[in-house]
**Student:** 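My questions will all concern the structure given below.
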2 protein chains.
Amino acid sequence: MSNPWATKMEQFTAFTAGERERLDSLLAFKQRGFEAQEDIIADGAHSDYCHILLTGLACRYKILPDGERQIMAFLVPGDLCDAEIFILKKMDHAVGTLTASTTAMIHSSVMKMLLREASPIAEALWWGTMTDLGVLRERIVDQGRRDATERLAHLLYEMLVRYRISGATKTNAIDFPITQTDLADATGMTPSHVNRLLQRFREDGLIELRNRTLTVTNPLRLRSLAQFSATYLHLDRTEARDPAVYDRAGELI
Amino acid sequence: MSNPWATKMEQFTAFTAGERERLDSLLAFKQRGFEAQEDIIADGAHSDYCHILLTGLACRYKILPDGERQIMAFLVPGDLCDAEIFILKKMDHAVGTLTASTTAMIHSSVMKMLLREASPIAEALWWGTMTDLGVLRERIVDQGRRDATERLAHLLYEMLVRYRISGATKTNAIDFPITQTDLADATGMTPSHVNRLLQRFREDGLIELRNRTLTVTNPLRLRSLAQFSATYLHLDRTEARDPAVYDRAGELI
DNA sequence: CGTAACTTTGAGACGTATCAATTCTTGTGG
DNA sequence: CCACAAGAATTGATACGTCTCAAAGTTACG
């Protein structure tokens, strides 16, 4: 059984065969399918289960009083949707799917137990949380001090890197079901402006984007345009596992 | 001994006398003073100690390649500066003081031990981390979908609330050593624009700001201008502890 | 094969940045 | 206690990035 959760955490630490088996059985215990545009967990809701995205694509978002949507993060397979639910009374945002997806459900009591162990699994869970914090901080830098072009380039490049480390692709092409409206809600622009920027990226030979597939034709230039540095992802073991992801300077792709 | 760390965590959970004593002794073990504008922990650095801010004011920030600074969060007494350091190899951002400050230092091995317990202290530490995530997400909403006026109002109002729950004030006036340049670096504006907005807030009778003191003269209007809702702070026990912080509708002043 | 969702295009308005100059504060040493 | 320096706040005029709103294409899908 493929286990994107374990694959993701192995960017940080090494698991024994026994630990891998345990992670597999945790995921197998209880699963659920979702359609596109469905909430995995609603804003203000509580649940006794944490959800781990297994397949599909989801996002964290909030709906503002005036009806506008802000996407705060995209979730790819292996990501934990609602780590907070085992400790907080209710969600302060929603997690919803963008495409049809499946999740594994882990009971909060099991999650609590896992976190209390002196094991690589517990450490990896902490690492995941700390990395989430890093990703959010990077997004704040994006929106505070980078212009629309850099912001969009950064988002596209980050998605490429995250798909590569999750093992979903080995090339520079990724499945990309995110609409321009979604991109606009994530970067704080209007869809029109996203559209015009994407056209420029295409004209400049940086990307191709059609048929729900994004191909980064010039990754080095896209990375430098985005001022991307992978430090905030804390991929301590990626180099050892997959040297191909790195270029000669030791930088990701 | 005053213990802002314990006070903050008591917004979430109740401690026994023994737990309070333990928290006191953890803070007393090793402390350090910092001058204004000094790094508590530098970008890329590693340390064997976590720092908890005891007095003063600090911020998380990053310096971009072009020299610009983005402030990602302000830290008030009781806040944990670098929770990630016990699990990650190095910081992906810096934490620096804005005013002269003191911190308590807790060895990472002690921190790890605390987190593994089945105790209210461990739960409160998790709560703090989850709340930090919430604050960052709220800042992303701010910068993505609110205009400069709302953004600045939101920041000012959040600082008032955080000072009130930390016990630093019982009125609507707080010590405010944050310069307009700092505010600009936190909200992603220019100092000039911050200045013009603050003038408007003053003209509109929302705030007074002079002599490093911020007085919110019309908290209700400032809150509604900011579209502020305290949900993301997860102050589960605040109402029980300090009903005065709430207005009649049950919303945080 | 029709319809809804998504993408593309255009022209004008507006919010915020820029950059430079001035005034006000604050802290410091004579 | 005053004078000065350095930092912080304020002001102004202009430029530009991005939004707005509306309409026309295009694509995906039941």
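Throughout, protein chains are lettered first and strands after them, A, B, ... in sequence-line order, and every chain is numbered starting at 1. Atoms considered below: every heavy atom in the structure, side chains included; atoms not considered: hydrogens, waters and symmetry mates.
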**Student:** Nearest-Å distance, CG (B:L98) to C1' (D:dA8)?
**Tutor:**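 Between C1' of D:dA8 and CG of B:L98: 14 Å.
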**Student:** Pairs under 3.5 angstrom only: tabulate donor-acceptor contacts from the side chains of residues 201-212 of chain B to other protein residues two or more places apart or in another chain.
**Tutor:**
from, atom 1, to, atom 2, distance (Å)
B:R202, NH1, B:L209, O, 3.0

**Student:** Any sub-3.5 Å donor-acceptor pair from A:T103's side-chain atoms to A:L53's backbone N or O?
**Tutor:**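 Not a single qualifying donor-acceptor pair exists.
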**Student:** Answer yes or no: is there an ion pair linking A:E138 with A:R146, defined by an N-O contact shorter than 4.0 Å?
**Tutor:** yes
**Student:** Could you state the atom-to-atom distance from CD1 of B:I178 to P of D:dA9 in whole Å?
**Tutor:** 11 Å
**Student:** Out of curiosity, A:T187 OG1 to A:L152 CG, how far, rounded to the nearest 0.5 Å?
**Tutor:** 6.0 Å
**Student:** When you list every nucleotide of DNA chain C with an atom under 4.0 Å from a heavy atom of chain B, which one comes first 5' to 3', and which comes last?
**Tutor:**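 Footprint of chain B along DNA chain C, 5' to 3': C:dT16 to C:dC19.
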**Student:** Does any pair with a residue in residues 184-193 of chain A pass salt bridge (Lys or Arg N to Asp or Glu O under 4.0 Å), and if so which ones, sequence neighbours excluded?
**Tutor:**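 Residue pairs passing salt bridge (Lys or Arg N to Asp or Glu O under 4.0 Å), neighbours aside: A:R69-A:D185, A:D185-B:R145.
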**Student:** Tell me: CG of A:D66 to C1' of D:dC19, nearest whole Å?
**Tutor:** 14 Å
**Student:** List in numerical order all residues of residues 186-199 of chain B for which some heavy atom is under 4.0 Å away from an atom belonging to DNA chain C.
**Tutor:**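 Output list: B:G188, B:M189, B:T190, B:S192, B:H193, B:R196.
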**Student:** Check the side chains of A:T179 and A:D182 for a donor-acceptor pair under 3.5 angstrom, ignoring hydrogens and angles.
**Tutor:** yes
**Student:** Measure from the side-chain N and O atoms of A:T97 to the backbone N and O of A:E38, and report whether any donor-acceptor pair falls under 3.5 Å.
**Tutor:**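 Flag set: sc A:T97 to bb A:E38 pair under 3.5 Å.
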**Student:** Figure out the CZ/C1' separation between A:R200 and D:dT18, and round it to whole Å.
**Tutor:** 12 Å
**Student:** Please evaluate residues A:K8 and A:D79 with respect to the criterion salt bridge (charged side-chain N to carboxylate O under 4.0 Å, His left out), reporting the C-alpha separation (whole Å), side-chain torsions for both, the decisive distance (0.1 Å), and the verdict.
**Tutor:** CA-CA 8 Å; A:K8 179 187 170 188; A:D79 285 342; 2.8 Å; yes
**Student:** Rounded to whole Å, how long is the line connecting atom CG of B:D147 with atom P of D:dT18?
**Tutor:** 16 Å
**Student:** Testing A:R60, A:K62, A:Q70, A:R137 one by one against B:I140 for a side chain to side chain contact (heavy atoms under 4.5 Å, CB included), which residue passes?
**Tutor:**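 Only match with B:I140 under side chain to side chain contact (heavy atoms under 4.5 Å, CB included): A:Q70.
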**Student:** Between the protein and nucleotides 26-30 of chain D, list every N/O to N/O distance that falls short of 3.5 Å.
**Tutor:**
none

**Student:** Is the side chain of A:D92 donor-acceptor paired with the backbone N or O of B:T231 at a distance under 3.5 Å, no angle test?
**Tutor:**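 No.
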**Student:** Distance check: side-chain N/O of B:R202 vs OP1/OP2 of D:dT10, anything under 4.0 Å?
**Tutor:** yes
**Student:** Which sits closer to the 5' end of DNA chain D, B:Q37 or B:R145, going by the nucleotide each is nearest to?
**Tutor:** B:Q37
**Student:** Any idea how A:F228 and A:H154 line up, ring-wise: parallel (<30°), tilted (30 to 60°), or perpendicular (>60°)?
**Tutor:** tilted
**Student:** Using five pairs at either end of the helix from C:dC1-D:dG30 to C:dG30-D:dC1, determine the angle between the two local helix axes and round it to 10 degrees.
**Tutor:**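 What I find for the helix from C:dC1-D:dG30 to C:dG30-D:dC1 is an axis angle of 50°.
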**Student:** From B:L214 CG over to B:I178 CD1, what is the distance, rounded to the nearest 0.5 angstrom?
**Tutor:** 9.0 Å
**Student:** Could you please spell out the steps behind the side chain to side chain contact (heavy atoms under 4.5 Å, CB included) verdict for A:V76 and A:L57?
**Tutor:** CA-CA 5 Å; A:V76 301; A:L57 187 68; 4.0 Å; yes
